[in-house]
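For ligands, and for the atoms within them, numbers begin at 1 and follow the listed sequence.
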Amino acid sequence: MESVWMEDIKIRKREPLAGDMEAPVAVIGAGLAGILTAYYLKQAGVGAVVLEADRIGSGQTKNTTAKITSQHNLIYDRLIRTFGRRMAEHYAAANEAAIGEYERLILEKGIDCDFTRRPACLYSRKETALLEQEMEAAKALGIKASFERDCELPFSVAGVARFENQACFHPLRFLAKLAEEVEIYEQTKVLKVEDRRVETDRGCVTAEHIVFAAHFPFINVPGYYFARMYQERSYVTALEGAEKPEGMYLGIDRDGLSFRPCGNLLLLGGGSHRTGTKQGKECRYEMLRERARELYPGCHEVCRWSAQDCMTLDGLPYIGRFSGRKPCWYVATGFGKWGMTSSMVSARILTALICGQEPSEADIFSPRRPFTARAARELAVHGAHTIVSLAKHLLPAGNREIIPNCPHMGCRLEWNPEEESYDCPCHGSRFDRAGHLIDGPAQTDCRRRE
Ligand code: FES
């Protein structure tokens, strides 16, 4: 099923690349991060072309819940303790500025995309200390936040950390309008990148700077992003006839849900899990429907969809230079569940770097920021998943049409009955029943049996 954003949108088709060309900047990926980056580069007088394997906005941008927030679950207290106050301030300021920049652009261009300022709230049914700590940390970093003991959700809570002046919008309506100002080649799949040369199935682009903004970078070395990220899936159901809160809510408890009003609908989300991990008999959509029936008797589902998010070891995005060995390559990835705001942050930081500036807020997002204790723990867990899944590729694969080993690095794929896909537990590539690639970092389809 397609997301609610796909229902009323037509984005003008663009021609594929026709042969070789040169450009100051080549941006790989026509999602929000790629198009915003190309747009700001153009504003700065730097030409950029965007290369898209499929259609504009056909990746994760269409599967979001479209919240634009500096409230990113429990993060600020941890950031201050781990990276110090100055870097934590940079994270908060960059995300707050991103909300304001969306609003400025939308007003300036008259984009009809339902941009609305709303509070974003973390709630818990049992915990108050963590919420109070988070609220205090956010306030210390300049965010308008407060702690409350009650809220508008249809159940009792122990507490709520409320961030004011956050926002939400219709991401594809915004993207469609902004894309009109950017040079984009659709149906142009990047096959290889070497130094300043981007090789696609339609021709080569030679560029002074190259931006990887296509969700998960497919280049393994340098950068080693495959070792520093995994992917998570999460699920959303759009409900009609459910009472809509004014604010947007995210539960911090293990079974917490997310609530986001959207026109006459309520978007109810949850059920996150590492991509490719066995789900047993549990159906995430059914879990959401059950909760919806309990909380909003009489409501009904209008549509449902799932999202795929890149998760980094320390929970912060990787935005900046791709690797010390490739000074003209840049990356925007690892946005976690916060892709809308992180896309704007990426566009501003990468534009500044390409224009020769070194913005101070870039330090906390840099892929080369200090390695933390949390990152070390996550690296061990990630490594264990990879070793087990790599070892499994030696097991008999049964009588399937395809060979269920991931073409990225060989891990054994797991069948996901809920979404009828083969999913990779190592780095999150996905394939349909016939083995066709759905999500990278893999670049090719699965091998079929002879
Ligand atoms: Fe890396 Fe499958 S995505 S091995």
*Step through it carefully: locate the ring centre of Y225, locate the ring centre of F212, and say whether they are under 6.0 Å apart.*
no

*Determine whether more than 12 heavy atoms belonging to other residues, nucleotides or ligands lie under 6.0 Å from atom CZ of R447.*
no

*Any donor-acceptor pair under 3.5 Å linking the side chain of E361 with the backbone of I349?*
no

*Look at C406 and state whether any of its N, O or S atoms is less than 2.8 Å from atom 2 (Fe) of ligand 1.*
yes

*Any atoms of ligand 1 less than 4.0 Å from a non-hydrogen atom of C411? List them with their elements.*
4 (S)

*For the atoms ND1 of H427 and ND1 of H408, give the angle they form at atom 1 (Fe) of ligand 1, rounded to 10 degrees.*
100°

*asked:* Please determine whether the number of non-hydrogen atoms from other residues, nucleotides or ligands lying under 6.0 Å from atom CZ of R293 exceeds 12.
replied: yes

*Taking atom 4 (S) of ligand 1 as the reference point, the nearest protein heavy atom with its distance*: M409 N, 3.3 Å

_Quick check on contacts: which atoms of ligand 1 are under 4.0 angstrom from a heavy atom of S429?_
3 (S)

*Assess C424: does it contribute an N, O or S atom lying under 2.8 Å from atom 2 (Fe) of ligand 1?*
yes

*Is a side-chain N or O of H382 found less than 3.5 angstrom from the main chain of F226, in a donor-acceptor match?*
yes

